[in-house]
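We're numbering straight along the sequence, starting at 1. Just so you know, these numbers come straight off a predicted model, no measurement behind them. Atoms within each ligand, like the ligands themselves, are counted from 1 in listed order.
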Amino acid sequence: METSTIVILDFGSQYTQLIARRIREFNVFSVVLPCTVPIEQVKALSPKGIILSGGPCSVYDADSPAADPAVLDLGLPVLGICYGLQFIAHYLGGRVESAASREYGHAEVNLVRETPLFAGLPKTLDVWMSHGDHAAELPPGFERVAETSNAVAGIANEEKRIWAVQFHPEVAHTRQGMELLRNFVIGLCGAEADWTPEHFIQATVERVRAQVGSGHAICGLSGGVDSSVAAVLVAKAIGDRLTCIFVNNGVLRKDEFAKVQKTMREQLGLNVVAVDASARFLAKLAGVTDPEQKRKAIGNEFIAVFDDEAKKIFEAEKSAGEEIAWLVQGTLYPDVIESSSVKGPSQTIKSHHNVGGLPPDMKLKLIEPLRDLFKDEVRRIGRDLGMPDEIIDRQPFPGPGLAVRILGEVTPERVALLQEADEIVVAEIKAAGLYKQVWQSFAVLLPVKSVGVMGDQRTYASTCVVRAVHSEDGMTADWAPLPYEVLRRISSRIVSEVRGINRVVYDITSKPPGTIEWE
Ligand code: XMP
């Protein structure tokens, strides 16, 4: 079965991914391609329609991004958004100019002419705008279908099946944005709502089975949702020809090594090789206090350990006359888009480390079963695969683990201290029913000691930070206003139960300017 696809050409807007996610909420598949992609590549996907995204430039900028104008002649429905509207106006013979005043933020838009894009919408829309240029003259054949008090807000050429709006229907601030997108995707493009979890699972299992043939695959597990869903999908395709490697890097949460193994084997039926390499990691971390050096030490050691284990499995399979040729990775769609974006990969703030670093000399081929999915879709798939909530709803946990939450040197004693405090934070957040509401909630150990008093005794012990944030995708975050009662319980339990911590503080920094993790 051919999946209905909507192609989104990206002109560099910060909202482009959001357009794709919104469309997928209608169970319609959508792909984001850089606007400069050759037209043949667009045609090869047999899309039902094309969306031209917004972007930060003006069509008159020397280096403004341009798509092949032939996309407007494919006979497919086209929706331009913001810069997309200006691109259409400019290339089809209209005139774009700098607006006297920039429109930014909330605006009221009046729908001045009926067109199927606006079917069922009220005459006045409450929208989100963000632009400096506007269409001063429309191209031949186009009509003005919406306006603000300042400028054109929507144009249409129904014969050519091209529509464009100056505002952003994809952002939540545009109240009727979803209806407008639905009118385009379902109504005008006639896309089928066939991008369902069952369809995805079936298609992925078939593809992986065909790809791998009679070969073997290995997969690094972290215990997190991405690598677990990737492993379960691949195991569904090739059974026990998938071997998962789960490494204890010495900076996991309390009892995590045992718990994850149990869940993966008993509940998910995965074939897991568990490697306790904590001593190796902790030896590499001795004396290291610089955050980037810690990340590098853990990343490099992970590859070394993974490499050793993979080679052992490799040798065993070879002697049985079989060959491992595949490595499963839990790459998600935002990483795929980012690496091919017109803006190029963004600046490295922290060197991220994920499970499954490719051992350099093993020449494994990659299977990336999640590379078309956003994080919320991975959870949906996991749920459909029958995976337990305990894994699906897990808050993200960084690859370098507690090491980036222990400021200063990572020693076995300090890891044990943080594990105890972390367990209390998570338990109390869960008890208060907040675990799924916040993006992450955890403890951080500072290299700061302070004086306290317990009973009649003076104490001089470590400080621990509690951090809880709300976020959609980890890119930006707000500190969570946890109820005082919850903070009180966390604080009093940590100070009374964790020997070595006598003071608890709460982090009230958002991202930006802070980051979620402390290192
Ligand atoms: P920051 O601290 O950069 O974190 O605001 C953003 C999100 O990414 C997680 N994080 C990581 N995830 N490997 C990962 O897989 C890493 O090296 C890593 N570092 C940070 C962090 O927990 C947050 O959700």
**Asked** Of all the atoms in ligand 1, which lie at a distance below 4.0 Å from a heavy atom belonging to Pro400?
**Response** 16 (C), 17 (O)

**Request:** Just do the salt bridge (Lys or Arg N to Asp or Glu O under 4.0 Å) check on Glu25 and Arg22 with the steps written out, would you?
**Result:** CA-CA 5 Å; Glu25 284 174 33; Arg22 293 284 179 254; 3.1 Å; yes

**Fill in**
The answer for which part of Arg295 has a heavy atom under 4.0 Å from ligand 1 is side chain

**Request:** With heavy atoms of Gly474 as the reference, note each atom of ligand 1 found under 4.0 Å away.
**Result:** 6 (C)

**Prompt:** When you look at Glu309 and Lys312, which way does the salt bridge (Lys or Arg N to Asp or Glu O under 4.0 Å) test go after all the steps?
**Reply:** CA-CA 5 Å; Glu309 287 311 310; Lys312 280 187 215 158; 2.9 Å; yes

**Fill in**
Near Lys511 (heavy-atom distance under 4.0 Å), the atoms of ligand 1 are 1 (P), 3 (O), 5 (O), 6 (C)

**Item:** Ile516, Val469, Asp226: member with heavy atom nearest to atom 4 (O) of ligand 1
**Value:** Ile516

**Prompt:** For Pro396, is at least one N or O under 3.5 Å away from an N or O on ligand 1?
**Reply:** no

**Prompt:** Between Ser53 and Ser13, does any side-chain donor sit less than 3.5 Å from a side-chain acceptor?
**Reply:** no

**Asked** Below 6.0 angstrom between ring centroids: does that apply to Trp128 and Phe167?
**Response** no

**Message:** According to side-chain hydrogen bond (donor to acceptor under 3.5 Å, both in side chains), does anything in residues 271-283 pair up with another residue at least two apart or in another chain? List the pairs.
**Reply:** Asn248-Asp276, Asp276-Ser278, Arg280-Glu301, Arg280-Asp308

**Request:** Just jot down the ligand 1 atoms closer than 4.0 angstrom to any heavy atom of Trp439, in number order.
**Result:** 24 (O)

**Request:** Taking the six-membered ring of Tyr333 (Phe, Tyr or Trp), confirm whether the NZ or CZ of Arg24 is under 6.0 Å from its centre and within 45° of its axis.
**Result:** yes

**Message:** What I want to know is whether Glu517 and ligand 1 share at least one N or O pair that is separated by under 3.5 angstrom.
**Reply:** yes

**Message:** Out of all atoms in ligand 1, which are within 4.0 Å of some heavy atom of Thr515? Include the element for each.
**Reply:** 1 (P), 2 (O), 5 (O)

**Request:** Mind checking side-chain contact (heavy atoms from CB on, under 4.5 Å) for Asp63 and listing every partner two or more places apart, or none if nothing turns up?
**Result:** Asp61

